[in-house]
Structures are given as structure tokens and as C-alpha cells.
2 protein chains.
Amino acid sequence: MTIKQLSYFLAVVDTGRFTQAAALCRVAQPTLSKQIRTLEEDLGETLLTRGHDNVTPTAAGEALLPLARRIVADSETARMEIAELAGLRRGRLRLGATPSLCVSVVADVLEVFHGRYPGIALQIAEGGSQDLVADLQRGQLDLALVIDRGETVRDLALTPVLREELVVVAARGRPDLGEHIGIVELAAHPLVVNREGYELREVTLAACAAAGVTPRIAVEGGEMDAVLRMVERGLGVAIVPSLVLAGHPTLRATRLDESGEHADRGWSHRTISLAHRTDVAPTRAAQAFREDLLSVLARTSRTGHLPPGVRYVHPPTLTA
Amino acid sequence: MTIKQLSYFLAVVDTGRFTQAAALCRVAQPTLSKQIRTLEEDLGETLLTRGHDNVTPTAAGEALLPLARRIVADSETARMEIAELAGLRRGRLRLGATPSLCVSVVADVLEVFHGRYPGIALQIAEGGSQDLVADLQRGQLDLALVIDRGETVRDLALTPVLREELVVVAARGRPDLGEHIGIVELAAHPLVVNREGYELREVTLAACAAAGVTPRIAVEGGEMDAVLRMVERGLGVAIVPSLVLAGHPTLRATRLDESGEHADRGWSHRTISLAHRTDVAPTRAAQAFREDLLSVLARTSRTGHLPPGVRYVHPPTLTA
DNA sequence: GGGATGGCATAGCTTCGAGCTATGGCGATG
DNA sequence: CATCGCCATAGCTCGAAGCTATGCCATCCC
């Protein structure tokens, strides 16, 4: 008998459906079915009568119900009590992240974090890396996920966590750019670039300059979402992290050619690091978030659920 | 967080020692240490301060303590409640077994069974297989572990569970019988045999008769333990199941040669079966014991903790 | 009536972790 | 100073919890 099995059991009783219960517990339906069966075998009694369109507890199930509820509630209470002692019952976490991360990874992690520490108020600052770094240094953020160009930043410690790929996006209806495209050919198309403050903007312009081409800028300025919408309307193409493609099915990605170089080390890939100040001790909430972030990323990476073009960077303690 | 981890935690707090707690929980000490550590990582706080000669809970540990106690207690209560519904709270189990099994396998299973269903009164009948079969048929036993010679017995169903080997035992100081011995050479030594009612006695005498030799019987009669003691005192040698050797370090075993035959199929090996009546429905307690027996045997067999000379016979549903 | 749909069970596989043994470090103790 | 008791670490095995894919059986709807 495990607490997890009991919570699965409660979910089935409450929803009256294995399928819905599985969704509620965020596991696959066969997983939940098997766990319930294991619980039944452990206790030596069937707990649920499986009807074709409803599931109801048996007498043994009814007997188990109140105790299961109390056990599950107690386990959550225990977590809360300890969190409270650690200062995680009340508190605030100010997190900065780039737009590409906010819509994907950050949302997942925050869901876990908030489930664990519902009393922590969450403040998300979405913005370009340079802005986020400045906010960190001014003490307006506790943690930030920023682009790590390998430079040391005053008073900040950076821990690499993800490596993402930049791609060229174009609307689906537009002329096809093929599988790969070089920076020179790219200059033939009108470009949409972010406002200042985005690393992306600097990288794009620097790459053009390095290749000796002058980009034709169709639209300039705006946040990530705005850029994507303009690309969708066919105003031009843009260089964006492949992460943002999720949720934009009408966009088509083309990988960037960096001829003559190790593409993986060049400007078409970049490292996302978790940054925090070194001159002040991190809050307990920030520590907890960091742990949750790493464990969620490790898990997502293992199960192959990371978006295409993104790789998890194992923390040095694990790769060593 | 699992219930098991919490019970480990409680054991450590109550004993003040990891080592003692591990013994209490019947697990190895590193296993317990690691589980506690896992629990601490899960909760994000250390729960115990490890002193060199004492272990005390931290503030977080103190906070967890009452809830952990309640969770563990509730899980046991839940088991009890369901057992009560199933009629396993009060009741009686009358179990018969051969002496060789009583001192080994049966004790292990009964420990598990009694831990689960403390309200079931246990009555053990120790005796020869023929007596046990008769007791079963007369309704004086619910279950019995008997020797299965492959014959069908009226009103009884037999499920093979173990296959054990017969060996010749002699006192350590006596002349060495070597690694193997045939029945003819054996007849040169004075023999100690059980009283009537033991399959063992019949098998021994029948084997001698089949080989055309007349055994020299030094002592006749008595239960298994008495026979072993006489052998230990050097009164003679005896043919016994290898199971009974555990706990008698002064005895030396010699395997039996059955020349010209598949030894494994001959009289030097025998099958232990679980027997119950077919003309009356088994009690709920008997069903539960049967399940516990099979699972304990399967587990013991897997972990290689079966005594030498004994093999687990997989139930047909699992081998098929 | 016959497909479509929803719902649970089964099969086969992968991976994590709970268990073990063996060993190391480190105070306390004689 | 050597020994002992106690906990941690390392390395391993294997059970089981998770997944996907598929099957079976009802019900529902055309």
C-alpha cells in the first residue's frame, strides 16, 4: 500500500471513471488501472466494481475511503508543515525568463512548484536576457533564466540548464525555404526582428554583419509573440528559438546552416542558464524552485518530452 | 513520500539508531539510510541530526513526527478494517505440517500472516503426512502441507509448492560417509527411523527392501527431533529431509545415490503440497494463508534464501 | 444492424529505485 | 593504540511503475 495508490483510488472514486482519474493524476490510464489492481491484491479484496459506464466502490472500498482520504490529506499536510518551517508557506518568488521559455518549460515547472508551495506568490518577468540580467543585479528578481554567452557577469552565478537551437520561421503558405538555409540566402527575404533588449536581435544582426550582408528589415520592434504573428501574416521571416514553435502550427521552421563551423558551437545554438546573485543569499523559495526546475527538466529530458531543438544540459555534478 | 519511508523514519526516531531501526524494519541498514535520505530530499529538509552515538529529529523532523505516526497507523487500520469485512479480524486457522517444514518455512509464513491478521488464532498440528491427511478429511484441519506421492486422495486437492531432497545424516565425529552413498552401503550402518505415521519411515524401509538389503535398525520410533538427537549422539544414521539440517550444525549430510535412475524423480526427492478439502468451501483465513504462503515462498525462492536441497515449485498458473 | 465511440484491460517494453553485500571513515571506548 | 560500533558510500540486481499500442466490450447513433 502506497500513498500514491491511495490517491489513485480516491481519484477513481471521485470521478467514477478510470480514464478521467488517470487524467486527473497525470498518468496513463493503464498505469492507474494496474496500480489499483496492485492495491486490491495487496489488501486481498476488490475495492471497485467495474461497470461498463460507471465505477463504484465495493464494501471494502467504502471502508477504505475515509482512511485513504485522511492518509492522503495527512501526507499533504506534512509537506505543508515542513514547508512552513522552512519559510516556504508564505513568501515570494520573482522569476525572470525569456519569452520562449515562459510558454513552455517555465509553465511546467511552475505548475509543480505551485502545487508544492501554494503559499508562495509568483511574479514572472518576461523579457530579453539583458533586461533580466539588469533586473537581477538591481535586486528586482530572485532568479532568472537567461541566455548564457559564456561571459561572466558581475555578481551573478550562471548554471547551464538547456541548450536550444535557433531556426528561421516562415508562414506555411510562403515560398519554401527548404531544410537548411545559410545566412546569405536568408538576407534575400524580408526580416522581422525584435525590439532592442533581445539577445536574438543582436545575434541576428551580428550574423548578417559577419557574413557581409545587409538584411532587409520588414518590421522592427515588438515582443516575441508580436514577431511571430507578423511572420504568420507573411510580413517576413524571423530567426527565433525553436522552442516558440509549439503552439504555432502555421509556422514552418528551417534550420540554419553555419558553413565551415561546428554548428552546435556557433551562434545558431545557445545556452540557457539559471542565474542568481552571488552577493546575497538566495531565498529558501529560490532554492526550492531551483531544485524543482532541475528535477522537472531532467525528467522531461529522460522521457523525451522536450520540444524539438532543445537539449537538457546535465548539471556538472551529474555529468562528472 | 511513501508510507514505508515514514515507517522507517519512525523506527529511527524511536530507536535513536539507524542500525537498530533497520533491524526493526527487517531491512539492511544502508537501505534504511538511503530511504531516509530520499525522504529528506523529497521534503527538501533534513529530518534527523546524525550524532556519532545518537540520532535526534530536527525541527522539521519533529513537525513530521505526529503526522507520520498517524499515516502509518491509518494504513494499518485500513488493512484491519478491510480484513474485518472479509472475516479476517476474528477467526481460526488450523494448519498441519510435517516437522521438517514447521521449523523452517512455516515459521516464516506464519510470521507474515500473523502480522497481517493478528486476530486469527493459529493452531498448528505437527505430524506425519498420513496423520495430517486423515485430520484434513475429518475436518480437523483447514490446510496442511503434506508429502505428495502423486496419488489422488479422496476429497482433497493438492497444490505442489516445494520439492525437497532426502539425505543421510550422521554425527560429525563419526566415520565420513563421503559425498554420496548408495542404499546398499547405507545398510552397513545402524539406522535410526521415525515412528509409524511418517512417510519417511515407509520410504526408508521400502528403499531397503527394493535393494534387497535388510537394514540394521538401531532405534525405532519417535518424532523428527528425537531422531536427530539420537543421530547427533552417534546412535546411528538416518534418512531425513535436508530441510531439518538448519539448526543442527553438528550433523553432516550425505546425498543419496539412486543408481541407474533419474535421481530427481526417484524416492530421494519428494514433493510438498498444500492440501485442502474439496467438499467444503475453504475459509477466508485459509485462502489468505494460501496467498501468503505462495508469495513468501516465491520471494524466498527468488532471493535464494531457501535452505539447500529445497526447490520452489511454481504454481501452474505462473509456469504456463 | 453496423460502424463509431468511449472505457477498461492486456501485452510488451523501458527505466527508476528499493533492496542487497561489501567496504570505508570516524568517534568512542577499553 | 587497537577495537568496536555506527553510519555513509559504492556497485549491483531485479521488481515494479511508468509508458505506448492494442484488444475487447458495451453503448450510441445513423
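A note on names: the letters A, B, ... follow the listed sequences, proteins ahead of strands, and every chain is numbered from 1.
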Show every salt bridge (charged side-chain N to carboxylate O under 4.0 Å, His left out) that has at least one partner inside residues 27-40 of chain A, sequence neighbours left out. A:Glu40-A:Arg50
Closest heavy-atom contact between A:Tyr312 and A:Leu294? OH-O, 3.6 Å
Applying salt bridge (Lys or Arg N to Asp or Glu O under 4.0 Å), name anything that partners A:Arg299, two or more places apart in sequence or on another chain. none
Taking only residues two or more places apart in sequence or in another chain, which ones pass salt bridge (Lys or Arg N to Asp or Glu O under 4.0 Å) with B:Glu165? B:Arg255
Rounding to an integer number of Å, can you tell me how far B:Phe18 CZ sits from D:dT9 P? 11 Å
Rounded to 10°, tell me the angle between the two end axes of the helix from C:dG1-D:dC30 to C:dG30-D:dC1, each built from five pairs. 20°
If only side-chain N and O atoms of A:Thr19 are considered, is one of them under 4.0 Å from the OP1 or OP2 phosphate oxygen of C:dC8? yes
Nearest whole Å is fine: how far is C:dC8 P from A:Arg17 CZ? 6 Å
Residue pairs passing the salt bridge (charged side-chain N to carboxylate O under 4.0 Å, His left out) test where at least one lies in residues 9-31 of chain A, sequence neighbours excluded: A:Asp14-A:Arg69, A:Arg26-A:Glu111
OP1, OP2 of D:dA8 versus side-chain N and O of B:Ser33: anything below 4.0 Å? yes
Rounded to whole angstroms, how far apart are CZ on A:Arg50 and C1' on C:dG6? 17 Å
What string of B, S and - do you get for nucleotides 17-30 of chain C, 5' to 3', when a contact is any protein heavy atom under 4.0 Å? -BBBBB----SS--
d(CD1, A:Ile36; C1', C:dG7) in whole Å: 15 Å
Not counting sequence neighbours, which residues clear side-chain contact (heavy atoms from CB on, under 4.5 Å) with A:Ala86? List them please. A:Leu88, A:Arg284, B:Glu45
Below 3.5 Å, can you tabulate the donor-acceptor pairs from side chains in residues 55-65 of chain A to any protein atom, sequence neighbours excluded?
{"residue": "A:Thr56", "atom": "OG1", "partner": "A:Thr49", "partner atom": "OG1", "Å": "2.7"}
{"residue": "A:Thr58", "atom": "OG1", "partner": "A:Thr46", "partner atom": "O", "Å": "2.8"}
{"residue": "A:Thr58", "atom": "OG1", "partner": "A:Leu47", "partner atom": "O", "Å": "3.3"}
{"residue": "A:Thr58", "atom": "OG1", "partner": "A:Ala60", "partner atom": "N", "Å": "3.4"}
{"residue": "A:Thr58", "atom": "OG1", "partner": "A:Gly61", "partner atom": "N", "Å": "3.2"}

All ring-ring contact (aromatic ring centres under 6.0 Å, His included) counterparts of B:Tyr8, not counting sequence neighbours: none
